[in-house]
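The structure appears below as structure tokens.
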Amino acid sequence: HTHTHTQTTHLSSTHQPHDTKHTAMAAVVRGDGAEAGPESGPWHETVAYLKRVEGMLNASEGREDPGAGLGGELEDDEQRELFVSNVLAEIEGREARFASEMHCSRILEKLVRVCTGGQLASFASRLREHYPSLVENRCGSHVVQTWVACVPRAVSERTGDEHAEEVIEELTQLVQHFRDTLYEAVRGVYASHVLRAVICCLAGIPIETARSKSSRQYRQAFGDDRPATDVRVKAKDRPAAFTTLLQSLTDDLLALDNLESLVKHNVASPVLQMLLLALHKIDAVKCRALCCGLAGQSAEPATARLMQLPDEMDDGGDGDGDSFKGWITHYIASHVVEKILHVAPPDVFFNIFTSCFRNNLQTLALHRVANFVVQKLLNTAHTGADAALMVGELVEVTEDILAENHALVVVAMANACAKHNVQQKAVLKSILSAFHIDLTKADDAKLCAKLLLSMTTKDVYDEQKAEVAEGEDVPMEWTQHGSLLLQALFRFEHKENSVLVGSFLAQSGEELVALATHKVASRAVEALLHPNAGEKPRSKLLKRLKGLFPDLAMDKYGSHIVDRCWAAAPIDTKAAIAKELVEREADLKANFHGKFILRNCRIDTFKRQSAQWSAALEADERKRKMFSEFFDDGNEAGAGASGAGAVGKKRTRASQGGDDDSDDDDDDDQVPHNEIDDLFAGKDGAVAAATAQTKTKRKKEEASTETEKTVSKPKKKKKKKDLEAVLAAIEQTKGAGPKKAKKKKKKKARQEDE
């Protein structure tokens, strides 16, 4: 179930290959630097020179042999700066013409990426008078956008770059050009991409470039497959001029006479979405004003027409109305609605929900376009009361939603219930009913996890079983939607999902290994190892996988399961896992994934010095336990916010979420990782997230601490004592480890005796 209502594809910063042959590029450079072609002259000599410059730039990045360039290598920044200065002097006065040529513009993009702040300012000053034509040019717009992407790098080095103010001034000139031509720019096929890049730069959002498959192949053919510059201006380094410029752009946009037409425009709509994200990041007041204006909650002249909301929903599929309700069902405008829901303040969000969604959610969830907006609505619910209202309305039509193949709406419902701890029993009951599963029957209770993972109803399973020979298993295919659904349900309270968890863990060891090594089903196995899933399911899963860890460690997906098991296991279980890995060490060393598991588990240390290995793990656990008393344990509480149910950060794996905001700077679609891991994790990555077995004890200690806080005088003493204990523990775990700590302890004892 993919996001099928995506707007017209916008190729940002892409040089698409085409058959047009430019006269300037008719000459082909031979190996000796000579030209072959019907024409010659200064222009063609400069073009050949630029091609050799490209070879030099590629050589400096290790892409090709230095002999392909002008000779020699750019060994340091000083040589590179001198090289770029010479190239800019050679093309002076012809920058705009070269930027408008397909191949030359590609070379200029590479050159701009290595420019210093002063060179960026000088290059932009030469292009300034050509902005009207360049930003609307298929190739010139890419050069300007690359220049904008390099501005954050120059601004972030303002303390050491004396030309940074000049770069800011050139950016101001570009923004002024867009303000003067805003009506045309937001609708321009090429200018709109540059405008979005400018908004990202001003707000400190990474400038991400989405390229088509053909564009990637084209650029790879020319050795330019490096990702776009992704440098953002940090909040503390953002110049005041950036905020002023962004506010000016927002004011001009709101002043346009036909603002509502931009929402449904296939080119202008992404500009509005980017502006909403930018204002959400740096200017809450302007963001609120824009959200209210677009949602029809403002009486400003530019948005007064949006206040008229129709009584009935448009079921035509295209959302022809110009109201907010009409946008919900429009295949382009619905993206803007999703961004509004994401950035709207809680009170504005609630007003939008009550006026446009309440009592209409069942119809919208079945709509081929609006169901994506409903997913966003559920994922961004601010309070448990809001989530309960939404889920209570949708739970009655769960089977109809699944019949329309809108499974991600049901996943969003389950995620909202897990996050806010509401309506869990009702949602699980409706899901099982939609799959025709009767938990009072032993066979149904045993199969329920498999049926959900394969998105197969019990009736279909019975039909398939009748077709296979007696004693054989029904072949089942694990689906992405089923995995996402199980991940969400595993985060429910244990009293609600105990039957489902039991069904999942009732499978044999071989079946669990098959799930753990599947690219989709392995995510569901990881969900059981998450702290929110509870200690009993984790312990049972670890026992079921005993003796199977070496096989899992040598699999691409199973190795992630071993990492999660290691993080969740107590020390005695870790020792048992380490023994299994030692027995198959030779096989693991020869395996690409297995060697990482050996490193993460410190198997070399375990073999040579098992006592030191155990002491190191105990020290790591002790650090985590003590510091959990000083840090707010908001990570576990916020873990339920994941839309895709991913478990923490790990080696790169493809995202399986159904609600992807790739241009969003926030991490609201990921499970927050534990900041203690970041604080203490070393290069070997051996710090384990061993909080499961200490959670109960920590809660008791926190409860007793709360009781002590009611007494005023001992409070300071308690804090001081805890701080001294933490500092002492840190001191013990520093340096050479247990041996050094033991020596210090003996030395301190001798001093006390003396």
One pair to check against salt bridge (charged side-chain N to carboxylate O under 4.0 Å, His left out): K458 and D443. What are the steps and the verdict? CA-CA 10 Å; K458 185 60 168 57; D443 292 342; over 6 Å; no

Could you walk me through whether K574 and D620 satisfy the salt bridge (charged side-chain N to carboxylate O under 4.0 Å, His left out) test, starting with their C-alpha distance in whole Å, then the side-chain angles of each, then the deciding distance to 0.1 Å, before giving a yes or no? CA-CA 13 Å; K574 288 180 180 178; D620 293 339; over 6 Å; no

Under the criterion side chain to side chain contact (heavy atoms under 4.5 Å, CB included), I'd like the reasoning laid out for V525 against H518: C-alpha separation, chi angles, the key distance, then a yes or no. CA-CA 10 Å; V525 180; H518 191 274; over 6 Å; no

Could you check L581 against I597 for side chain to side chain contact (heavy atoms under 4.5 Å, CB included), going step by step and ending with a plain yes or no? CA-CA 9 Å; L581 298 178; I597 297 299; 3.9 Å; yes

Stepwise, does the side chain to side chain contact (heavy atoms under 4.5 Å, CB included) test hold for K546 with E580? CA-CA 9 Å; K546 185 177 180 180; E580 293 183 23; 3.7 Å; yes

Is there a side chain to side chain contact (heavy atoms under 4.5 Å, CB included) between F549 and R584? Walk through the geometry before answering. CA-CA 10 Å; F549 288 105; R584 301 278 299 277; over 6 Å; no

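Checking side-chain atoms of S433 against main-chain N and O of K429 turns up no donor-acceptor pair under 3.5 Å. In this structure, H420 contributes its side chain and A381 its backbone to a donor-acceptor pair below 3.5 Å. Side-chain atoms of S483 do not come within 3.5 Å of backbone N or O of A521 as any donor-acceptor pair. Proximity of a side-chain donor or acceptor of S559 to a complementary backbone N or O of A553 within less than 3.5 Å is not detected. Between the Q480 side chain and the V520 main chain, no donor and acceptor come within less than 3.5 Å of each other. Between the N371 side chain and the H406 main chain, no donor and acceptor come within less than 3.5 Å of each other. In this structure a side-chain-to-backbone donor-acceptor pair under 3.5 Å is missing from R358 to L389. The backbone N or O of N359 sits less than 3.5 Å from a side-chain atom of E393, completing a donor-acceptor pair. Using a distance-only test at 3.5 Å, with no hydrogens or angles considered, a donor-acceptor pair links the side chain of W613 to the main chain of C601. A donor-acceptor contact shorter than 3.5 Å links the side chain of R544 to the backbone of L505.
Side-chain contact, E399 with H436: a donor N or O sits under 3.5 Å from an acceptor N or O. Side-chain atoms of T457 and D459 form no donor-acceptor pair, as typed in the model, at a separation below 3.5 Å. Looking only at atom types and distance, the side chain of D386 has a donor-acceptor partner in the side chain of T383 under 3.5 Å away. Side-chain atoms of S334 and E338 form no donor-acceptor pair, as typed in the model, at a separation below 3.5 Å.
Relative ring orientation between F592 and F596 is described as perpendicular, the plane-to-plane angle rising above 60° on a 0-90° scale split at 30° and 60°.
H382 approaches A344 most closely through the heavy-atom pair NE2-O, 3.7 Å. Annotation for S522 and A516: closest pair CB-O, 3.3 Å, computed over non-hydrogen atoms. L588 and P550 get closest at one heavy-atom pair: CD2-O, 3.8 Å. For F504 against L512, the heavy-atom pair with the smallest separation is O-CD2, 3.8 Å. When all heavy atoms of P537 and V501 are compared, the closest pair comes out as CB-CG1, 3.9 Å. Closest non-hydrogen pair, L378 versus A412, comes out as CD1-CB, 3.7 Å.
With rounding to the nearest 0.5 angstrom, the NZ atom of K450 is 8.0 Å from the CG atom of L515. To the nearest 0.5 angstrom, R491 atom CZ is 9.5 Å from Q424 atom CD. A distance of 9.5 Å separates CD1 of I437 from OG1 of T456, quoted to the nearest 0.5 Å. In this structure, OH on Y331 lies 15.0 Å from CZ on F372, to the nearest 0.5 angstrom. A distance of 4.5 Å separates CD1 in I431 from CG in L489, rounded to the nearest 0.5 Å. The CG atom of L453 sits 12.5 Å away from atom NE2 of H481, with the distance rounded to the nearest 0.5 Å.
Counting only heavy atoms from C-beta outward, the side chains of Q423 and V395 never approach each other to under 4.5 Å. Contact annotation: the side chain of V582 approaches that of I603 to within less than 4.5 Å [non-hydrogen atoms, C-beta and beyond]. Contact annotation: the side chain of V427 approaches that of V391 to within less than 4.5 Å [non-hydrogen atoms, C-beta and beyond]. Side-chain contact between Y461 and M476: present, with at least one pair of heavy atoms (C-beta onward) separated by less than 4.5 Å. Put simply, the side chain of K339 reaches to within 4.5 Å of the side chain of L277, judged on heavy atoms. V336 is not listed as a side-chain neighbour of W327, based on a closest heavy-atom distance of 4.5 Å or more. Residues T517 and L552 are in side-chain contact: their nearest non-hydrogen atoms beyond the backbone lie under 4.5 Å apart. Contact of the L529 side chain with the F490 side chain is not registered, since no non-hydrogen atoms from C-beta on lie closer than 4.5 Å.
Qualifying ring pair (Phe, Tyr, Trp, His ring centres under 6.0 Å) partners for F492, counting only residues two or more places apart in sequence or in other chains: none.
Summarising the local packing, CD of E511 is surrounded by more than 12 heavy atoms from other residues, nucleotides or ligands at distances under 6.0 Å.
Using a 4.0 Å cut-off between charged side-chain N and carboxylate O, K589 and E585 make a salt bridge.
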